[in-house]
Amino acid sequence: MHRRHLLLGALSSGMAAGWMPSAWAEPLCRRAGLQARLELVANSFPVMQHLARQAMACNGGGLNVNVKLTSRINYEVETAFASAGKSPFDAAVVSASVFSDLYARSQLYPMTDLVRKYGARYQLEERMLVRMDGEVMAIAFMQNTQNLYYRRDLFQRHGIAVPTTYEQMLQAATLLRAKEPGIANPIAQTFAQGWDLATEFTNLLFSMGGRFFVPGTAEPAFNSPEGVATVALMRSLLPYMSPNALSSNSDDVMNQLQQGRAAMGVLWASRAARMDDPSASRVPGLIDFAAAPAARPGGGSAAHLWWDGVVMPRNGPAQREATFQVLMEMLSAESTAAGNDLTIWVRSYYKPGRTGVGVERALAGGAKVWPAEPFFTLAHAQVGKVLADAIKGVRDPAQALAGAAAAYRLAAIEKGYISDGTRREVGA
Amino acid sequence: MKRKSFLQFSAPSMLLMLALLAFPMVMTLWLSVRNCTPQMALVTVQQTGPFGAASVTTQRAKVDASGRALQDCKFVGLSYYRNILGLNKTPADREAAKAASASDDTAAATGDGHNEFIGALRFTLLYTLVTTPFILAGGLAMALAMNHVTRRLKGLYVAASLLPFIITPVVGALAIKWLFRDDGLVPHLLQQVGIQVFWMAQAWSAQLLIILYGIWHVMPFAFIVFYAGLQGVPQDSLEAARLDGASRWQQLRYVTLPHLAPLLVFVTLIHLMDAYRVFEPVLVLTRGAFTTSVQYLTYSVLLEENNAFKASAAAVLTLIGIGVLLIPLLRRTWREQRGTH
């Protein structure tokens, strides 16, 4: 019922955008008479399930498309694209972060010629093309960021302004805890040890004025006074969060917000639509979205901008044309329109609903683009390992960050980003 | 002739074992002493995309004429092993430590002696040593209880008891996580009687949860093995013991248990190996918070650092750990085998 509703809405908005529904009945890829057997790989988000269905709608005749949805996309893609033989995947859907790694290792095949040939047919827009020195290396179709989710009703009832800094957020939390007996832990945020916690640290560190690396090198710089201040800020949030916070991932945070247990928190913008799902939320329509607060007054919104897009491996170019056409079918205007509310699309005629305003708000709030250094994931992983203890006060923050920096250096040496013993310069 | 038929019978399984066990193991050993990295060069790239244009200074792999990335491969000896065990310091680390000791900040520069592997080993051993006796005792109790269940209920009893063992570990761990998370059934029920526990918030409860999961998941295996063993306990010995006035406990102690001894060793052996490789509950329940296991460490090296060489070294260390744990049991089995021949 819900899905049919969505589809009808999407169809009508699609028609308004000027395309004919009859064209959708027979995908272009099928009419093109392609002969190929294609393997695609993507992350298992809900929006990817939708896109996989679109790609597999091309199946028939001589075309056989298979889409593998996995939760270990980084590892699978990086291993496949690095293999000495032919990549088992003809194309992959990756995040900007994985893209940086693949690009740095020269493992991507440019798509410039294909864009020139098919761009007009599939209405590709310049903003979708990720160009590196002019060559199209990826085609971005969705974007994501973190937003402040907050209970509009409670904020209005107590006359609280939407926080623009973490200091204001803590004040709001103190007030709500005192005045709303049902809300013992007003803040819910993805503080699960590891990737989630390191991502929060990254968001806050940049807003705090810190940085991850010494400019122009792969040498760590997060073990700094700003890093310590970031840990202190994260520690100050703990008393307002569930005591289970250090194992709360996005699902847990979403659950706390949906159940009305928490009144605010920074969470992925792509989760917004599910706040209004009456089958999962006790507070549909009551949660609003704003730019994530800044770590300090004057700092930019403590969030990062992400994109997801399609890439093709250097070691699998045999069926490039067929692969590209299937990818374009998957990302067509019709497909985007049919999944309008599933994510925040890059296409200009995407119609953001109430819950699709995240990226726009983050951009206005001054959020930065997610770090593109290929060695960033290594530093991020090491930070994720030590932060929980540092935030709980089990380890001294400066020592914990220094430990992470030392472990990162070792990992970066092992991966060839820092030469052993001496610094490798990567920029002026 | 005898030797020839022996070879004919055993060759297929020997070949399979060579291909599926020995070869991967040798490969892992070989990987663990090597390192390959792309040859990186500094580049400044003009990047445009959904969020506008920017000039990015970063590293990029050099490529050969065919566009393939150039690699540097070298033998690194035991360097990964030393890194994992926290014994290695690069020249830069030593330099930093020297500089830091001058400024009274030695601990910070050397990473305050915190070693991940030792932490992981500590929890893995705790898990292994705590779960094993509970699984043996619980499995035995379930098997003995089964002997007293009426024939009609036996099917139901077996099905219900085996369920935790049949369920995929990740699914089982997820079910347990949902029972214990915020607003889960268990915290909710405990709250009704005035007890408030946040299970993932501190070391003891997170570790307890994983240990409870381990016992819950593996006990049915011990149960079914012991139950099969109980069917073979010689009834005449039991009857003789009864006639001699042995109590129920004495019958169990002097007749049943000696009969089950090889099975006790078998279950212990299998569980020690499995427990030392505990992974799924750590991944699902806590993601390593307070409870990193040796196997989880290997996984995180492989996936987060994306370093198959170092992960191989971690895997070899795990293997050595299992070997050490099994030595007493293997020695016992070896002696018994020799005794019977």
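Values below: every heavy atom of this structure, side chains too, minus hydrogens, waters and symmetry copies. Numbers restart at 1 for each chain; the letters A, B, ... are given by sequence-line order, proteins then strands.
A donor-acceptor pair is defined here as one N or O able to donate and one able to accept, closer than 3.5 Å; no such pair exists between the side chain of A:Arg105 and the backbone of B:Ala61.
Residues A:Pro243 and B:Gln196 fail the side-chain proximity criterion, which asks for heavy atoms closer than 4.5 Å. Residues B:Val76 and A:Glu414 are not in side-chain contact: their nearest non-hydrogen atoms beyond the backbone lie 4.5 Å or more apart. The shortest distance between side-chain heavy atoms of A:Asn244 and B:Phe180 does not fall below 4.5 Å. Between A:Met128 and B:Pro50 the shortest side-chain heavy-atom distance does not fall below 4.5 Å. Side-chain contact between A:Tyr417 and B:Met40: present, with at least one pair of heavy atoms (C-beta onward) separated by less than 4.5 Å.
Residue A:Asp101: no heavy atom, backbone or side chain, is found under 4.5 Å from chain B. Contacts between A:Glu125 and chain B at a heavy-atom distance below 4.5 Å are absent for every atom of the residue. Residue B:Ser205 does not touch chain A at all, counting heavy-atom pairs closer than 4.5 Å. Both the backbone and the side chain of A:Met132 have a heavy atom closer than 4.5 Å to some heavy atom of chain B. With a 4.5 Å cut-off on non-hydrogen atoms, A:Val136 does not touch chain B at all. With a threshold of 4.5 angstrom between heavy atoms, A:Asp196 does not approach chain B through any atom at all. Contacts between B:Val45 and chain A at a heavy-atom distance below 4.5 Å involve backbone atoms as well as side-chain atoms. At a 4.5 Å heavy-atom cutoff, A:Trp370 makes no contact with chain B through either its backbone or its side chain. For chain B, the nearby parts of A:Leu305 are the backbone and the side chain; heavy atoms of each come within less than 4.5 Å. If you measure heavy-atom distances from A:Phe213 to chain B, you find no contacts under 4.5 Å at all. Residue A:Gln382 touches chain B through its side chain alone, counting heavy-atom pairs closer than 4.5 Å.
Residues B:Phe51 and A:Trp307 come closest through the heavy atom pair CE1-CD1, 3.8 Å. When every heavy atom of B:Thr37 is checked against every heavy atom of A:Lys415, the shortest pair comes out as CG2-C, 3.2 Å. Scanning all heavy atoms of the two residues, the minimum distance from B:Gln59 to A:Gly416 falls at OE1-O, 4.2 Å.
Among A:Gln143, A:Glu135, A:Met137, the residue with the largest count of heavy-atom pairs under 4.5 Å with chain B is A:Gln143. For chain B, the option among A:Gln259, A:Arg261, A:Gln107, A:Glu126 with the highest count of heavy-atom pairs below 4.5 Å is A:Arg261.
Between A:Asp252 and B:Lys177, at least one side-chain nitrogen of the basic residue sits less than 4.0 Å from a carboxylate oxygen of the acidic one, meeting the salt-bridge criterion.
Summarising the geometry, atom OG belonging to A:Ser419 is positioned 11.5 Å from atom CG belonging to B:Asp72; distances are rounded to the nearest 0.5 Å. Interatomic distance, B:Thr58 OG1 to A:Tyr103 OH, rounded to the nearest 0.5 Å: 9.0 Å. Here A:Ile413 contributes atom CD1 and B:Ser79 contributes atom OG; the two are 9.5 Å apart, rounded to the nearest 0.5 Å. Atom CG of B:Leu303 is separated from atom OG1 of A:Thr377 by 11.5 Å, given to the nearest 0.5 angstrom. Taking OG1 of A:Thr217 as the reference point, atom CG of B:Leu42 lies at 11.5 Å (rounded to 0.5 Å).
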For the pair A:Asp133 and B:Gln47, evaluate side-chain hydrogen bond (donor to acceptor under 3.5 Å, both in side chains) and give the outcome as yes or no after the intermediate values. CA-CA 6 Å; A:Asp133 280 344; B:Gln47 177 173 1; over 6 Å; no

Can you list the steps and then say if A:Lys385 with B:Ser300 is a side-chain contact (heavy atoms from CB on, under 4.5 Å)? CA-CA 10 Å; A:Lys385 286 181 187 170; B:Ser300 71; 4.2 Å; yes

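Other residues, nucleotides and ligands contribute only 12 or fewer heavy atoms inside 6.0 Å of the CD atom of A:Glu360.
Among residues two or more places apart in sequence or in another chain, the side-chain contact (heavy atoms from CB on, under 4.5 Å) test is passed with A:Ala381 by B:Glu304.
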